[in-house]
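For ligands, and for the atoms within them, numbers begin at 1 and follow the listed sequence.
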Amino acid sequence: MSIEQILSSAPVVPVVVIDNLEDAAPLAQALYNGGLKALEVTLRTPVAAQAVKIMKETVPEAYVGTGTVVDKASFEASVAAGADFMVSPGVNDELLALAKVSDIPFLPGAATPSEVMQLASHGFKFLKFFPAEAAGGVPMLKSIGGPLPQVTFCPTGGVSLDSAPKYLALKNVICVGGTWMLDKQLIANKDWQAIEALAKQASEVK
Ligand SMILES: O=C(O)C(=O)C[C@H](O)[C@H](O)COP(=O)(O)O
């Protein structure tokens, strides 16, 4: 499985923060049923790695990856959890060295032309553009696509249902990452049907 195949499985990758482990299974099922096939679980909560395992068991057809992979510890935690892919908001030498000897698809982050060029020189053709809105949004990505058309992005950070189609219309965007379908109140109410409806709406964004 390549990062390209994973990122092209749906137009939106939900960026999931799991606070309660009991939410992992129904949430994964709702997102997947709604048509979101690649799920990024951020390693920002203590139960995240366990949540990845549960989500993979619940929806074996989904691609369950980890986000907020920022160092050796989070990289190794992702491998141990069986992550199908890993996402970083940026990159550093430690992660580059680990990614080089790992078979797990890795999506590092970049926000400037120099960062994009550096990652391209390491062979990365797909990057997370983070923090998308704050780093210049659609005009920035359009500009980067001029001199650096060989790199394709998954913009994430401040992307909404409204702005997603504007990103997806760019030649150098394969999908977007977002959290808008993970409404906190709906999750607190365990309203999985409503989450599924939001996921379906996201999966139909063009
Ligand atoms: O956790 C990471 O590794 C990140 O890079 C941060 C996430 O991409 C943002 O949390 C997206 O959140 P929204 O801005 O609500 O779409």
Region of Thr68 engaging ligand 1 - heavy atom pairs below 4.0 Å: both
Shortest protein contact, atom 15 (O) of ligand 1 (heavy atom only): Thr179 OG1, 2.5 Å
Leu182 and Leu27: CA distance, side-chain angles, deciding distance, side chain to side chain contact (heavy atoms under 4.5 Å, CB included) verdict: CA-CA 9 Å; Leu182 295 154; Leu27 194 54; 4.0 Å; yes
Sequence-distant partners of Glu94, side-chain contact (heavy atoms from CB on, under 4.5 Å), two or more places apart: Asp71, Lys72, Asn92, Leu98
Thr42 neighbourhood, listing ligand 1 atoms whose heavy-atom distance to it stays under 4.0 Å: 1 (O)
Protein contact to atom 9 (C) of ligand 1 [nearest heavy atom, distance to 0.1 Å]: Arg44 NH2, 3.8 Å
Pair up each side-chain donor or acceptor in residues 2-11 with any protein partner under 3.5 Å, not counting sequence neighbours, and list the distances.
unit_1 : atom_1 : unit_2 : atom_2 : d
Ser2   : OG     : Glu4   : N      : 3.4
Ser2   : OG     : Gln5   : N      : 3.1
Ser2   : OG     : Gln5   : OE1    : 3.3
Gln5   : OE1    : Ser2   : N      : 2.9
Ser8   : OG     : Glu4   : O      : 2.7
Ser8   : OG     : Gln5   : O      : 3.2
Ser9   : OG     : Ile6   : O      : 2.7

Flag, side chain of Thr68 to backbone of Arg44, donor-acceptor distance under 3.5 Å: no
Closest protein heavy atom (residue, atom, distance) for atom 14 (O) of ligand 1: Gly158 N, 2.7 Å
Protein contact of atom 5 (O) of ligand 1 - nearest heavy atom, named by residue and atom, plus distance: Lys128 NZ, 2.8 Å
Pi-cation contact, Phe153 with Lys128 (under 6.0 Å, within 45°): no
Atom 11 (C) of ligand 1: nearest protein contact (heavy atom, Å): Thr156 CG2, 3.9 Å
Presence of salt bridge, Glu196 and Lys200, under 4.0 angstrom: no
